[in-house]
Amino acid sequence: MKRLSLAVALLLAPALAQAWPWSMDMANQISVKPQESVDPANPGMKPFPARSVPVPGTTLAVKDMEAALKLPNPIPADEKSVQKGAQLFAIYCVPCHGKSGTGDGYVGAKLILRPFDLTSADLAAKPDGHIFGMMTFGGAIMPPYAYDLSATERWNIVNYVRKGLKQVSATQAATSAK
Ligand code: HEC
């Protein structure tokens, strides 16, 4: 028994030495630790900056396509929004729908189902929420973009599809007529 307790004591000894107050001296110096508040009036952990922590599903605020159809477009289709939408459209949509939006992109040409014409009268008759919903949930072939594009970014693209694409097709018609 004595021998056993000696063995246990020997085993614990290094652990005890580690636990002395000095083992924390380096950690507890005057420094700002990650997430620590620098404001003495508001101590405690700082909240994470917005959108710095990926949480699956948070950008998918709409339930389904039916709910998306009823969504009003919260972003006015001003020049700034249309311009932002144009940049995003060039990255995310042009490969399939083409620069003109008519569905003549290089990737689109390889799909079994041709990407729909985004300048069609058919789409013009549908609510903005339809375009938003297509980006949020995707289609039979079209992938969803809810995890790549924030809701605001998706509405900016909607505004570009509505306003900017018309200008593109008008310029194309003008140049091909020459
Ligand atoms: C991988 C190719 C691909 C990409 C990229 C893509 N789409 Fe599509 N899109 C399609 C296809 C194919 C369809 C036909 C419907 C389906 O897939 O069910 C479609 C259909 C649509 C429709 C429905 C049109 C209608 O008349 O009802 C909208 C709106 C749309 N896409 C918008 C977009 C936007 C905006 C982007 C960029 C964020 C985008 N798509 C990116 C392939 C793509």
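When a ligand or atom number is given, it counts from 1 through the structure's own listing order.
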Element-labelled atoms of ligand 1 that are located less than 4.0 Å from some non-hydrogen atom of [X]:
{"X": "K126", "value": "27 (O)"}
{"X": "L111", "value": "2 (C)"}
{"X": "I157", "value": "35 (C)"}
{"X": "Y92", "value": "5 (C), 37 (C), 38 (C), 41 (C)"}

Next item on the list: Would you list the protein N, O or S atoms within less than 2.8 Å of atom 8 (Fe) of ligand 1, leaving out water?
Entry: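 Only H97 NE2, M142 SD fall inside 2.8 Å of atom 8 (Fe) of ligand 1.
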Qualifying ring pair (Phe, Tyr, Trp, His ring centres under 6.0 Å) pairs, either residue in residues 91-112, two or more places apart: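 Of all non-adjacent pairs touching residues 91-112, those that pass ring pair (Phe, Tyr, Trp, His ring centres under 6.0 Å) are Y92-Y145.
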Identity and distance of the protein heavy atom lying nearest [atom]:
{"atom": "atom 18 (O) of ligand 1", "value": "A140 N, 2.6 Å"}
{"atom": "atom 27 (O) of ligand 1", "value": "H130 NE2, 2.7 Å"}
{"atom": "atom 12 (C) of ligand 1", "value": "L113 O, 3.4 Å"}
{"atom": "atom 5 (C) of ligand 1", "value": "Y145 OH, 2.9 Å"}

Without swapping roles, check the side chain of T136 against the backbone of F132 for a donor-acceptor pair under 3.5 Å.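 The answer is yes, because a donor-acceptor pair under 3.5 Å joins these two groups.
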- N/O to N/O below 3.5 Å, does that happen between S120 and ligand 1? no
Worksheet entry | M65 vs H130 side-chain heavy atoms within contact, under 4.5 Å |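 M65 vs H130: side chains touch.
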Is the shortest heavy-atom distance from the side chain of S100 to the side chain of L165 under 4.5 Å?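 Side chain of S100 against side chain of L165, heavy atoms only: no contact under 4.5 Å found.
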Which atom of [X] lies closest to which atom of [Y], heavy atoms considered:
{"X": "R154", "Y": "L149", "value": "NE-O, 3.0 Å"}
{"X": "P115", "Y": "C96", "value": "CG-O, 3.4 Å"}
{"X": "S81", "Y": "P76", "value": "CB-O, 3.5 Å"}
{"X": "G133", "Y": "A68", "value": "CA-CB, 3.7 Å"}

Practice task
Can you establish whether the number of heavy atoms outside E36 located under 6.0 Å from its atom CD is more than 12?
Solution key: yes
- How would you list all residue pairs meeting salt bridge (charged side-chain N to carboxylate O under 4.0 Å, His left out) that involve residues 109-134, not counting sequence neighbours?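 Output for this query lists D122-K126, D128-R162.
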If we set the cut-off at 4.0 Å for heavy atoms, which region of [X] has an atom near ligand 1: side chain, backbone, both, or neither?
{"X": "I141", "result": "both"}
{"X": "P143", "result": "side chain"}
{"X": "V107", "result": "neither"}

Pair W155, L71 - check side chain to side chain contact (heavy atoms under 4.5 Å, CB included), show working. CA-CA 11 Å; W155 285 119; L71 287 177; 4.0 Å; yes
* To do: Tell me, please: is R154 in heavy-atom contact with ligand 1, that is, under 4.0 Å?
  =>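 For ligand 1, residue contact (heavy atoms, under 4.0 Å) with R154 is absent.
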D39 meets the side-chain hydrogen bond (donor to acceptor under 3.5 Å, both in side chains) criterion, sequence neighbours left out, with N42
